[in-house]
K.L.:
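First the structure, which I've put down as structure tokens, then a few questions once you've had a look.
Side chains included, hydrogens not; waters and symmetry mates left out as well; all remaining heavy atoms used. Because the structure is predicted, anything quoted here is derived from the model rather than measured.
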Amino acid sequence: MSKPEQPSSHGSSAPQADAGQAHLHKQYDANFRVTPDYRASLPDVQNAMVADIQGAHVPIVQVGVSGFRLPLHYLTAENKQVVLETAVTGTVALPAEQKGINMSRIMRTFYEFKDRVFTPELLEEVLIRYKHELTTTRGRLRLAFHYPLLRPSLRSGLEGFQYYQVAYEGSICDLNWFRKFIHFDFVYSSACPCSAELTEHARDARATYGIPHSQRSKARLSVEVLPGASLTIEDLHAHCLAALQTETQVLVRREDEQAFAELNGAFQKFVEDAARLLYERLDADRRIRDFQIACAHLESLHSHDAVAVVSKGLPGGFDASFTDFGSLVC
């Protein structure tokens, strides 16, 4: 009598379940409650020993969480509150002998302030809490949002909301020196002076009609506000408007479109002009300690853009190394 065939280890027979895994189940227990003892028993890999650090044992300048979103309250220049969706980035310094940080504390600590009214000054309070909760020496915080201003049309009396890309930023060092920054984007029209002159030449010399080229353009202001000084988003908007004049419009009728054409004719500008006009305004504001200006004219004549960068030039402050011109496309 022949013996029954034994299953081959290379055959199609189902593998035997690991005896150590036999008791596991694949169901979510919605009724399970975490006790203090259970929480204390959970492994904490980020606070492992120095020997568990992978790679070079070097400090990390910034480590944290980028882009978590929530609605926050902001104060306008008229002391009114607005609630705006905000993308928050919070980072701290990590010493060489520490494997990692508790990432959730970045968010949990920030959420303790979610019902406060945010100004650049409030970032100092949040960063001091970061230093305490994450046992760190340095921290940085950035709040990015779109800020609405009701803007009038040039001649018709209409009004519409213009939204401005803004960021509040703060940093704190091991000596608790707090620095506060505001970043502000301003979109405007730039009519080319060279094109305007060439068009007039064609009209005068050959009785030929032409249209000078103009284009949507953007200036990004990054300013450091002096300690104890107050600078609003509306202040930065006023500086841009006074310097450049030709802000893009929201609601227009025919009389507004005609007015905008006249405005561009009266305030023609190369990208170099735009950067210098803004420099003149910011440099005269004693509330501003330091600044950087980046401008991009999205040329309708060319398939490339004209760009310019200028900074105040303080030692240890902003420089002219801005290269992210793609972010100025509008």
K.L.:
For the backbone of Phe260 and the side chain of Asn264, can you confirm whether one donor and one acceptor N or O come within less than 3.5 Å of each other?
P.N.:
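Such a contact is found between Asn264 side chain and Phe260 backbone.
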K.L.:
Can you measure from CG (Leu277) to CG (Leu282) and round to the nearest 0.5 angstrom?
P.N.:
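Separation between the atoms: 11.0 Å.
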K.L.:
Using a strict threshold of under 4.0 Å (side-chain N to carboxylate O), is an ion pair present between Arg287 and Asp235?
P.N.:
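Salt bridge present between Asp235 and Arg287.
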K.L.:
May I have the step-by-step check of side chain to side chain donor-acceptor pair (under 3.5 Å) for Thr89 and Ser66, ending in yes or no?
P.N.:
CA-CA 4 Å; Thr89 296; Ser66 175; 3.2 Å; yes
K.L.:
Evaluate the side-chain proximity of Glu247 to Gln162: yes if any heavy-atom separation is below 4.5 Å, no if none is.
P.N.:
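Gln162 vs Glu247: side chains touch.
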K.L.:
Is it possible for you to say whether Leu70 and Leu127 belong to one hydrophobic cluster, with membership spreading through side-chain heavy-atom contacts below 4.5 Å?
P.N.:
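Looking at the clustering, Leu127 is in the same group as Leu70.
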K.L.:
Does the pair Lys99/Asp52 count as a salt bridge with the N-to-O cut at 4.0 Å?
P.N.:
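No, no charged N to carboxylate O under 4.0 Å.
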K.L.:
Taking the six-membered ring where the residue is Trp, are the ring centres of Tyr164 and His237 under 6.0 Å apart?
P.N.:
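Yes, the ring of Tyr164 comes within the 6.0 Å limit of the ring of His237, centre to centre.
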K.L.:
Is any NZ, NE, NH1 or NH2 atom of the basic residue among Arg254 and Glu257 found under 4.0 Å from an Asp or Glu carboxylate oxygen of the other?
P.N.:
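No, this pair does not count.
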K.L.:
Looking at Glu224 and Arg179, is there a salt bridge between them, counting it only when a charged N and a carboxylate O are closer than 4.0 Å?
P.N.:
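Looking at Glu224 together with Arg179, the answer is yes, because their closest N to O distance falls below 4.0 Å.
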K.L.:
Can you say whether the rings of Phe325 and Phe322 are parallel (under 30°), tilted (30 to 60°) or perpendicular (over 60°)?
P.N.:
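Phe325 vs Phe322 ring planes: perpendicular.
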K.L.:
Using 0.5 Å steps for rounding, measure from the CE atom of Met107 to the CG atom of Asn102.
P.N.:
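Spacing of CE (Met107) from CG (Asn102) equals 12.0 Å.
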K.L.:
Under the side chain to side chain contact (heavy atoms under 4.5 Å, CB included) criterion, do Ile172 and Trp177 qualify, and how do the steps go?
P.N.:
CA-CA 5 Å; Ile172 196 167; Trp177 178 31; over 6 Å; no
K.L.:
Determine whether the aromatic ring centres of Phe110 and Phe68 lie less than 6.0 Å apart.
P.N.:
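Ring-ring flag for Phe110/Phe68: true, centres closer than 6.0 Å.
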K.L.:
Has the side chain of Ser153 got a donor or acceptor atom that lies under 3.5 Å from a matching backbone atom of Gly157?
P.N.:
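Checking the backbone N and O of Gly157 against the side chain of Ser153, no donor-acceptor pair under 3.5 Å is found.
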K.L.:
Centroid separation under 6.0 Å, is that true for the rings of His239 and Phe291?
P.N.:
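Not under 6.0 Å, so no.
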K.L.:
Considering only heavy atoms from C-beta outward, does the side chain of Val92 approach that of Ile101 to under 4.5 Å?
P.N.:
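Yes, their side chains come closer than 4.5 Å.
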K.L.:
Is there a side-chain contact between Lys269 and Thr246 (heavy atoms, below 4.5 Å)?
P.N.:
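Lys269 vs Thr246: side chains touch.
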K.L.:
Indicate yes or no: at least one non-hydrogen side-chain atom of Ile106 is less than 4.5 angstrom from one of Val88.
P.N.:
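No; the side chains remain at least 4.5 Å from each other.
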K.L.:
Under the criterion side chain to side chain donor-acceptor pair (under 3.5 Å), I'd like the reasoning laid out for Glu169 against His183: C-alpha separation, chi angles, the key distance, then a yes or no.
P.N.:
CA-CA 8 Å; Glu169 188 173 352; His183 307 277; 2.7 Å; yes
K.L.:
Is it true that Arg105 and Glu133 have a side-chain N and a carboxylate O under 4.0 angstrom from each other?
P.N.:
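Result for this pair is no, no salt bridge flagged.
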K.L.:
With the threshold set at 4.0 Å, does a side-chain nitrogen-carboxylate oxygen contact exist between Glu112 and Arg129?
P.N.:
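Between Arg129 and Glu112 there is a salt bridge, with a charged N closer than 4.0 Å to a carboxylate O.
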K.L.:
Do the side-chain N and O atoms of Ser190 and Ser217 include a donor-acceptor pair separated by under 3.5 angstrom?
P.N.:
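A donor-acceptor contact under 3.5 Å links the two side chains.
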K.L.:
Would Tyr74 and Tyr147 count as a close aromatic pair, with their ring centres under 6.0 Å?
P.N.:
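Distance test on ring centres: not under 6.0 Å, no.
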K.L.:
What's the spacing between Leu278 CG and Gln292 CD if we round to 0.5 Å?
P.N.:
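The distance works out to 12.5 Å.
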K.L.:
Tell me whether Lys180 contacts the main-chain N or O of Ser171 through its side chain, where contact means a donor paired with an acceptor under 3.5 Å.
P.N.:
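Side chain of Lys180 to backbone of Ser171, a donor-acceptor pair under 3.5 Å: no, none is there.
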K.L.:
Is a salt bridge present between Lys218 and Asp185, judged by a nitrogen-to-oxygen distance below 4.0 Å?
P.N.:
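Salt bridge present between Lys218 and Asp185.
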K.L.:
Does Ser195 reach the main-chain N or O of Cys192 with its side chain, forming a donor-acceptor pair under 3.5 Å?
P.N.:
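Looks like no, no N/O pair under 3.5 Å.
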K.L.:
Is Phe118 reachable from Leu84 through a run of I, L, V, M, F, W or Y residues, each pair having side-chain heavy atoms under 4.5 Å apart?
P.N.:
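Shared cluster, yes.
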K.L.:
Looking at Asp305 and Ala296, would you say the former's side chain and the latter's main chain have a donor-acceptor pair under 3.5 Å?
P.N.:
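Absent.
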K.L.:
Kindly compute the distance separating CD (Glu121) from OH (Tyr168), expressed to the nearest 0.5 Å.
P.N.:
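Here the interatomic distance stands at 8.5 Å.
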K.L.:
Using the side chain to side chain contact (heavy atoms under 4.5 Å, CB included) rule, take Arg289 and Leu314 through it: C-alpha gap first, then chi angles, then the decisive distance, then the call.
P.N.:
CA-CA 9 Å; Arg289 178 180 180 270; Leu314 289 183; 4.1 Å; yes
K.L.:
Is it the case that Asp256 and Ser156 place a side-chain donor and acceptor less than 3.5 Å from each other?
P.N.:
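Indeed, the side chains of Asp256 and Ser156 share at least one donor-acceptor pair under 3.5 Å.
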K.L.:
If you round to the nearest 0.5 Å, how far is CG of Leu158 from CZ of Arg151?
P.N.:
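The distance works out to 13.5 Å.
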K.L.:
Starting at CD of Glu200, measure out to CZ of Arg203 and round the result to the nearest 0.5 Å.
P.N.:
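Nearest 0.5 Å value for the CD-CZ distance: 5.0 Å.
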K.L.:
After noting the C-alpha distance and the side-chain angles of Leu328 and Cys330, does the key distance pass the side chain to side chain contact (heavy atoms under 4.5 Å, CB included) rule?
P.N.:
CA-CA 6 Å; Leu328 299 181; Cys330 54; over 6 Å; no
K.L.:
Grouping I, L, V, M, F, W and Y whenever their side-chain heavy atoms are under 4.5 Å apart, do Val223 and Leu226 come out in a common cluster?
P.N.:
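No, it is not one cluster - the side chains of Val223 and Leu226 are not joined through contacts under 4.5 Å.
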K.L.:
Any chance you could lay out the side chain to side chain contact (heavy atoms under 4.5 Å, CB included) test for Cys194 and Phe270, step after step, and finish with the verdict?
P.N.:
CA-CA 9 Å; Cys194 181; Phe270 293 118; 4.0 Å; yes
K.L.:
Tell me whether Ser300 contacts the main-chain N or O of Ser214 through its side chain, where contact means a donor paired with an acceptor under 3.5 Å.
P.N.:
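Here the side-chain-to-backbone pair exists.
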K.L.:
Carefully, step by step, assess Ser327 and Arg220 under the rule side chain to side chain donor-acceptor pair (under 3.5 Å).
P.N.:
CA-CA 10 Å; Ser327 68; Arg220 176 166 299 161; 2.8 Å; yes
K.L.:
Is there a side-chain contact between Arg116 and His73 in this structure, where contact means two heavy atoms from C-beta onward sitting under 4.5 Å apart?
P.N.:
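No. Closest side-chain heavy atoms not under 4.5 Å.
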